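Comments concern the structure below.
Note that the coordinates shown come from a computational prediction; the quantities given were computed from them, not determined experimentally. Computed from heavy atoms alone, side chains included, the values below leave out hydrogens, waters and symmetry copies. Whatever order the structure lists ligands and atoms in, that order sets their numbers, starting from 1.
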Amino acid sequence: MPTFPNIIKSKLPKAGTTIFTIMSALANKHKAINLAQGFPDFACDSELVKLVNEAMKKGHNQYAPMPGYMPLREAIAEKNFDLYSAQYNPDTEITIMPGGTLAINATILALIHEGDEVIVIEPCYDSYVPSIIMAGGIPVYATMKTPGYQVDWNELKKLVNQHTRMIIINSPNNPTGQVISSSDMQKLEKLVAGTDIIVLSDEVYEHIIFDGFEHQSVSRFPKLAERSVIISSFGKTFHTTGWKIGYCLAPANLMVEIRKVYQFMVFSVHTPTQYAITEYIKNKDAYLQLGAFYQKKRDHFSILMESSRFKLLPCSGSYFQCAIYDKISDEGDRDFASRITEEIGVASIPISAFYHKGVDNKVLRFCFAKKEETLEKAAEKLSSL
Ligand code: GLN
């Protein structure tokens with residue numbers, strides 16, 4: 001196409017293509033095992049597929065209500081009450097949305113104004129900062145230090161001032177696999193008390209938690225919950241990342257604003273999928289057994305990787321395993337991740353992509369939401385390095 005004279009002023013001048021797209025494309029090009037982008041390589045429950053199919057055949061093929069199919073919202077309210085003793089009103093405080101990333105974006109666009117400061121804790125999922133910038137907000141960076149990747153609440157407190165409007169937390173954490181404890185949550189509660197700071201809590205890996213840890217949803221902490229927006233994802237929980245369906249929980253006064261924005265972004269989510277999940281979610285084992293299911297995979301991968309020169313970092317949740325490769329190479333993490341995709345056929349994510357300044361501690365993230373045989377093949381290749 002001939003190009004129009006350049007009158008475009010970019011909304012996201014610093015953004016390139018996301019690392020997930022880059023690494024998945026590279027994995028496809030080189031027919032590499034893709035432990036990069038976070039998605040399972042095994043099928044979801046065929047029962048779930050059947051339920052979507054049935055919903056379509058029964059004719060549930062028109063728009064769902066903007067905030068979501070009510071019985072699904074009711075089921076989520078019940079699940080959240082059972083797990084975290086928090087009562088969200090399905091009518092005014094729960095909205096079904098097409099995936100966690102959009103829910104985060106809609107929340108930030110709705111609640112952040114020009115010049116508002118938003119604290120993010122790096123390394124962090126790569127959509128937070130672009131969403132803040134799209135809203136005219138200013139990202140302010142706290143850092144989890146390697147190798148423990150714990151939040152330093154004293155450091156974070158120093159970043160708070162009268163312009164701070166939001167703090168984004170994410171546990172279990174992508175990419176580090178770390179989880180926030182109840183003592184962390186108490187520190188956060190103290191820190192925001194008496195301010196007008198909103199907490200955006202990305203809990204999409206809430207059911208993927210290991211070693212007896214309990215997920216500390218902000219909804220367990222009433223003084224935090226009253227100022228928090230929670231994001232969760234059926235894609236992560238039911239092995240259906242391609243269905244792009246998740247939800248958002250927030251007190252009614254916040255949800256009113258989030259819905260005002262959301263309705264003009266997407267309006268509503270795929271109807272038959274909502275009918276299917278409403279049925280499927282009644283089987284509590286589907287999410288209550290998920291931690292044990294993935295813990296086995298984490299352990300399997302970790303034992304296999306003992307014969308490699310990677311040093312695995314602790315992983316208490318999510319389906320990501322971080323590993324340091326400083327005994328193998330001096331290369332930067334992007335170069336190293338690309339080279340091993342091309343040369344040995346295993347794709348990963350370089351952790352520098354989760355820092356605004358590209359901090360490179362020679363750490364790669366491997367997704368272990370894969371069949372045993374995939375993990376075995378990948379570990380064998382990685383052990384050849
Ligand atoms: N959340 C997934 C990950 O971290 C992928 C999301 C995406 O591809 N945008 O790998």
| Does a salt bridge link Glu155 with Lys158, judged by any charged N lying under 4.0 Å from a carboxylate O? | yes

| message | Give the atom numbers and elements of ligand 1 that come within less than 4.0 Å of a heavy atom of Tyr205. | response |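 Listed by number with element, the hits are 1 (N).
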
| Judged by non-hydrogen atoms, does Tyr319 sit under 4.0 Å from ligand 1? |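 No heavy atom of Tyr319 comes that close to ligand 1.
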
| Any Asn174 heavy atom less than 4.0 Å from ligand 1 | yes

| Arg365-ligand 1 polar pair, N/O distance under 3.5 Å | yes

| task | Give a yes or no on whether the backbone of Leu313 and the side-chain of Gln321 come within a donor-acceptor separation of less than 3.5 Å. | result |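 Answer holds: yes.
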
| Are Tyr125 and Phe354 an aromatic pair by the rule of ring centers under 6.0 Å? | no

Quick one: nearest non-hydrogen protein atom to [atom], plus distance?
atom: atom 6 (C) of ligand 1; value: Tyr125 OH, 3.2 Å
atom: atom 7 (C) of ligand 1; value: Phe20 CD1, 3.6 Å
atom: atom 2 (C) of ligand 1; value: Gly38 N, 4.0 Å
atom: atom 8 (O) of ligand 1; value: Gln37 NE2, 2.7 Å

| field | Row check, Phe320 ring normal vs Arg365 NZ/CZ: under 6.0 Å, within 45° | value |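 Output yes; distance and angle both within limits.
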
| query | So is Lys370 actually on top of Phe39's ring, under 6.0 Å and inside 45° of the axis? | reply |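 So Lys370 does make the cation-pi contact.
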
| query | Taking Phe293 as the fixed residue, which of Tyr287, Tyr319, Phe42 is the one that meets the ring pair (Phe, Tyr, Trp, His ring centres under 6.0 Å) rule? | reply |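 The passing option is Phe42.
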
